Structures are given as C-alpha cells and as structure tokens.
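Beneath this line is the structure, given in structure tokens, with notes to follow.
Numbering of ligands and ligand atoms starts at 1, following listing order. Just so it is clear, the structure is predicted and the values come from calculations on it, not from any experiment.
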Amino acid sequence: MAAIDILADAAEKANQDPYSLPLDKINVANPFLFARDIHGPWFKRLRDEAPVHYCAESFFGPYWSITRYEEIIKVDTSHDIFSSEPAITIGDTQESFHLPMFIAMDRPKHDEQRKVVSPVTGAENLRHFEPIIRERTIDVLEQLPLGETFDWVESVSIELTTRMLATLFDFPFEERRKLTRWSDVATAIPGMHIIDTEEQRQQELLGCLEYFTGLWNERVNRAPGNDLVSMLAHGEATRNMPPLEYLGNLVLLIVGGNDTTRSTMTASALALHQHPEQFEKLVANPQLIDSMVAETIRWQTPLAHMRRMCKVDTQLGGQHIKAGDKVVMWYVSGNRDERFMQNPDAFIIDRPDVRRHLSFGFGIHRCMGNRLAELQLRILWEEILQRFARIEVMGEPQRTVSTFVHGFTALPVQLHQL
Ligand code: HEM
C-alpha cells in the first residue's frame with residue numbers, strides 16, 4: 001500500500017469503537033488515536049482484558065502491548081530479557097540508514113556512552129543553568145501580547161526548549177531554529193506536513209551531521225568544555241564514533257530534550273485551563289508548582305511508549321513471549337492504570353506520590369534530563385504566576401500525529417493581565 005493509503009486506512013480505523021472489536025483485532029499503534037486524543041478507551045480495554053496483548057498484524061509488524069503499570073516496570077528493568085537494540089520506537093529503523101544511539105544500546109556500551117554526556121544534566125550544571133533559564137523565560141514571557149490570541153506552542157514551548165537545547169550544545173544561538181527543525185524531521189511521519197519522504201529525512205539529517213561535524217572539529221582541539229559536543233568529542237567512549245553514530249547520539253539528545261519538554265509546557269497550560277479549580281489551588285499556593293509539574297508530566301506522558309526486543313523466551317502476565325518478539329511498553333496507558341492510582345484520568349496537582357509516574361521510564365535508560373525538564377517547567381510557572389492572571393485556551397489544541405511523541409502542534413491562547 002502507498003504511504004498515503006496507509007495513513008487514510010489508519011485514520012478510518014481510529015473511528016472504530018474499541019469495544020466492538022474482537023480482542024485480537026485491537027491495534028493501538030495508530031497515530032490517529034493520539035492525534036484525536038481518543039486512545040483512552042482502547043488502552044482501558046487492554047488493561048482490563050488483555051494487559052499483555054499480542055497484535056499479529058499492524059503497519060509496524062506483529063508486536064506485544066504492555067499496558068499496566070507493574071508489568072511496564074518489570075519489562076523496563078529486566079535488561080537481560082528485554083533489549084533496547086536495535087531501536088526504541090515501534091517502527092523499525094531503515095537498514096540503509098541506521099543511526100546507533102546510546103538509548104538504543106545495551107550494556108556495556110550504553111553505560112559507557114551515557115557516562116560521557118550525563119554531567120550535562122548533573123546537579124552542578126543545573127545550578128549554573130538556573131539563572132540563565134530564568135532570564136530567558138522572563139524575556140520570552142515579556143514579549144507575549146496581552147488580550148490577543150497567539151500560539152502557545154510556537155511562542156513559548158518551542159522558543160524556550162530551543163533556547164535550552166542551544167545552550168546544552170553551545171550551538172550558535174541565532175541559528176537555533178535549525179535544532180527545532182532537525183528534532184521535528186527526526187520524528188515526523190512522511191506525508192504528515194513536516195517531511196514528504198524518508199529520503200528527505202535522510203538528506204536533512206545528513207545536513208545536521210555536516211553542521212555538527214563543523215562544531216566537533218572546532219572543539220576537539222580545544223580544552224574540554226561542558227557542552228554536549230565537547231563532551232562527545234573528548235569522551236573516551238565517544239571520541240572515535242563513526243559519523244552515523246555521532247548523528248544518532250545527536251538526534252537522541254536533540255529529540256530527548258526538545259519534544260518532551262515542549263509537550264509538557266503546552267500540556268501544563270492546557271490542563272490548568274481545563275481544570276480551573278486546580279489552577280486556583282496553584283495560585284493560592286505556589287508551593288505546589290513542583291507537584292503540578294510532576295502531575296502534568298504524568299497526565300500528558302510526553303513519550304507514549306518505548307519498545308524492546310525480547311532476547312529469550314519468557315513469561316509475562318500469563319503470556320508466552322518468544323525471543324525476537326517486539327514488546328511495546330505503553331507509558332501513556334500505565335500512567336492511567338487504575339490499579340496503581342485512584343482516579344487516574346483526573347488532573348490533581350496535589351496528588352500523593354505524584355512523582356511515581358512512568359513518564360521518565362525506569363532502569364538503566366531512565367531519562368537523563370528529568371531534573372532539567374522539571375527545572376525548566378518550575379521556572380516557567382514561577383514567572384507566569386508573577387505576570388498573568390490566567391492563560392485562557394481559545395480553541396482546540398492541535399496534536400502531533402504520532403504513536404511516539406505525544407504532543408501538540410498548536411494551542412491558541414490569550415493571556416489575562418494580573
Ligand atoms: C518531560 C520531559 C521528558 C520526558 C517525559 C522524557 C522521557 C524519557 C524517557 C521515557 C526515556 C527512556 C526511558 C526508558 O527507556 O526507561 C528518556 C531517556 C532519555 N532522555 Fe528524556 N525525557 C524528558 C526530558 C529530557 C531532557 C530535557 C533531556 C536532555 C538532555 C533528555 C534526555 C534523555 C536521554 C539522553 C535519554 C536516554 C537515556 C539512556 O538511554 O540512558 N530527556 N527520556
């Protein structure tokens with residue numbers, strides 16, 4: 001089937017009632033379920049009736065869905081049974097353009113490469129970043145119009161996360177929107193507005209490699225700095241990487257730090273608009289900002305899933321999973337598991353155990369940037385509360401067409417003066 005027909009078929013199938021289908025015909029790997037925000041009942045059915053579920057036929061081939069909280073943690077922490085290689089999204093990488101990156105590697109290489117770059121989000125760097133993030137946040141917020149509709153995604157979420165990324169890479173600041181483009185290109189489905197074909201993706205990402213090779217060459221002969229390019233160029237486990245592995249790790253660090261935090265910034269504005277009583281609680285007690293941020297990260301779940309490959313025959317939830325099977329951990333479902341928290345569909349900013357969510361994963365691949373993302377969100381809301389009485393959402397959010405990036409492409413809002 002041509003790509004356009006596959007998308008049309010998926011768009012049509014997303015309209016089905018999940019409870020009208022036989023269990024073995026359920027396929028949750030449909031980007032339109034997420035783009036239309038109608039995935040909830042599909043996952044609820046799987047959690048209740050088939051928490052370890054086999055889908056024999058899909059655009060991505062056969063795969064298992066893991067949808068309950070407890071079993072997701074089991075898979076995410078059983079590194080000897082479930083491998084992160086060769087890829088961590090449900091879609092397979094193209095053999096002719098495989099980009100190795102440490103999120104999609106097992107031990108020991110994963111640990112060695114992660115160690116090279118992890119200081120970028122360490123406690124010392126975060127202390128150093130805090131005033132920079134605050135200054136930029138204020139700068140962006142002060143330029144927003146009052147009482148006029150504008151796009152929160154474009155003007156706030158993308159702008160702030162792109163500025164942060166440029167800082168992490170020590171990337172030429174005036175060219176920072178290149179990073180936004182490469183992030184979008186890396187995760188887009190061909191034919192859905194951003195890119196038309198896989199070939200276009202490859203061309204643009206090779207452009208990214210060329211640009212970053214220039215930065216590498218500049219920094220490799222200088223004293224080691226604490227930006228990501230310098231860390232990779234000097235790190236023992238990364239300094240001899242082949243070019244496509246350099247590109248793979250760049251894509252990981254660009255996408256990892258960008259789409260996810262961007263989606264959380266948008267989700268926080270949306271959730272607090274949709275739940276005015278929670279917003280009032282926040283205004284009355286700004287000490288709740290940290291907890292509100294954690295609740296937003298659970299409620300939104302910016303990455304819907306991570307995938308693994310089963311390495312040895314194993315049992316899970318009474319099912320027999322064979323070596324070579326693809327296993328998808330749906331964080332977006334585990335975070336709404338009624339067995340793990342009460343009233344999981346509600347947005348409650350002062351929930352007990354609010355940080356026990358799955359959105360950052362578990363085990364050796366647990367998100368490397370979680371503290372940085374939370375810091376950016378905390379500062380954003382501290383500064384919003386000092387300036388605006390309310391962020392009013394003026395229309396329907398536009399959501400990303402993807403089974404992986406669970407985010408937004410637009411959110412029209414108006415700001416109200418304090
Ligand atoms: C709300 C924001 C974020 C969310 C929801 C998020 C989510 C995730 C998830 C689910 C994983 C995989 C966990 C697993 O497989 O167990 C991950 C890994 C990763 N994240 Fe994040 N992330 C966020 C922000 C960031 C930021 C700001 C950075 C910036 C540096 C970042 C960098 C990474 C990296 C490098 C990995 C790979 C870690 C490894 O394989 O060892 N993330 N993230």
Side-chain angles (χ1 to χ4, degrees), residues 66 72-79 82-85 87-89 100-122 125-126 129 133 157 160-169 179 183 187 226-229 231-232 237-238 248-268 293-309 327-332 334-335 355 357-380 404-407:
I66 316 298
I72 289 174
I73 294 190
K74 182 121 203 261
V75 173
D76 219 355
T77 51
S78 302
H79 310 293
F82 299 103
S83 167
S84 294
E85 296 179 3
I88 47 80
T89 60
M101 54 182 84
F102 69 84
I103 196 171
M105 290 176 191
D106 293 334
R107 282 175 161 152
K109 198 169 170 188
H110 160 270
D111 298 15
E112 291 158 9
Q113 292 202 348
R114 175 175 168 131
K115 211 168 134 202
V116 170
V117 286
S118 57
V120 83
T121 50
N125 253 16
L126 293 194
F129 286 148
I133 297 172
S157 311
L160 283 176
T161 47
T162 305
R163 287 182 186 208
M164 188 71 238
L165 257 191
T167 307
L168 294 179
F169 284 108
L179 295 166
S183 178
T187 55
N226 65 353
D227 66 274
L228 284 167
V229 175
M231 285 175 180
L232 290 168
T238 48
N249 278 319
L250 289 170
V251 167
L252 162 62
L253 294 160
I254 292 173
V255 175
N258 196 40
D259 277 336
T260 48
T261 316
R262 185 203 291 187
S263 304
T264 312
M265 288 181 176
T266 308
S268 59
V293 167
E295 174 66 347
T296 305
I297 293 171
R298 178 196 72 87
W299 186 78
Q300 178 60 25
T301 316
L303 294 180
H305 77 264
M306 284 280 156
R307 93 98 185 271
R308 298 291 185 257
M309 287 299 267
V327 177
V328 179
M329 301 176 283
W330 291 104
Y331 297 140
V332 77
N335 274 339
R355 298 177 66 95
H357 58 72
L358 293 169
S359 301
F360 292 126
F362 281 89
I364 61 168
H365 292 280
R366 184 171 166 81
C367 179
M368 206 188 82
N370 56 344
R371 297 286 170 188
L372 174 61
E374 288 170 344
L375 177 66
Q376 288 174 264
L377 263 296
R378 168 167 67 75
I379 293 174
L380 174 62
F404 182 64
V405 173
H406 189 216

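Side chain of H406 to main chain of T301: a donor-acceptor pair is present (N/O by atom type, distance under 3.5 Å, no hydrogens or angles). For the pair S157 (side chain) and M265 (backbone), a donor-acceptor distance under 3.5 Å is absent. Put simply, the side chain of S183 never gets that close to the backbone of N258: no donor and acceptor are under 3.5 Å apart. Between the R307 side chain and the V327 main chain, no donor and acceptor come within less than 3.5 Å of each other.
Checked against a 3.5 angstrom limit, the closest N/O atoms of T264 and ligand 1 fall outside it. Ligand 1 has an N or O atom lying under 3.5 Å from an N or O atom of D76, backbone or side chain. The distance criterion of under 3.5 Å between nitrogen or oxygen atoms is met by R308 with respect to ligand 1. Every N/O-N/O distance between Q376 and ligand 1 stays at or above 3.5 Å.
The shortest separation from a heavy atom of L358 to ligand 1 is not under 4.0 Å, leaving the residue out of contact. Residue contact check for ligand 1: P302 places a non-hydrogen atom closer than 4.0 Å to it. Contact annotation: M105 has no heavy atom less than 4.0 Å from any atom of ligand 1.
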Q. Which is it for E295 and R298 under the salt bridge (Lys or Arg N to Asp or Glu O under 4.0 Å) test, yes or no, and what are the steps along the way?
A. CA-CA 5 Å; E295 174 66 347; R298 178 196 72 87; 3.0 Å; yes
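Of the candidates I103, I254, L377, I103 brings a heavy atom nearest to atom 37 (C) of ligand 1. In this structure, of S359, A304, S118, the residue bringing a heavy atom nearest to atom 10 (C) of ligand 1 is S359.
Here the side chains of L372 and M164 are in contact, with some heavy-atom distance below 4.5 Å.
For T301, no heavy-atom contact with ligand 1 is shorter than 4.0 Å.
Annotation: atom 11 (C) of ligand 1 to nearest protein heavy atom, M306 CE, 3.9 Å. Looking from atom 38 (C) of ligand 1 to the surrounding protein, the closest heavy atom is R114 NH1, 3.3 Å. Looking at atom 40 (O) of ligand 1, its nearest protein heavy atom turns out to be H365 ND1, 2.7 Å. Annotation: atom 30 (C) of ligand 1 to nearest protein heavy atom, T121 CG2, 4.0 Å.
Note on ring orientation: taking the six-membered ring where Trp is involved, the planes of F102 and H110 are tilted (angle from 30° to 60°).
Note on atom 21 (Fe) of ligand 1: protein N/O/S atoms under 2.8 Å are C367 SG.
Comment: R371 engages E374 in a salt bridge, judged by a side-chain N to carboxylate O separation of less than 4.0 angstrom.
None of R366, H365, R308 except one satisfies the side-chain hydrogen bond (donor to acceptor under 3.5 Å, both in side chains) rule with D76; the exception is R308.
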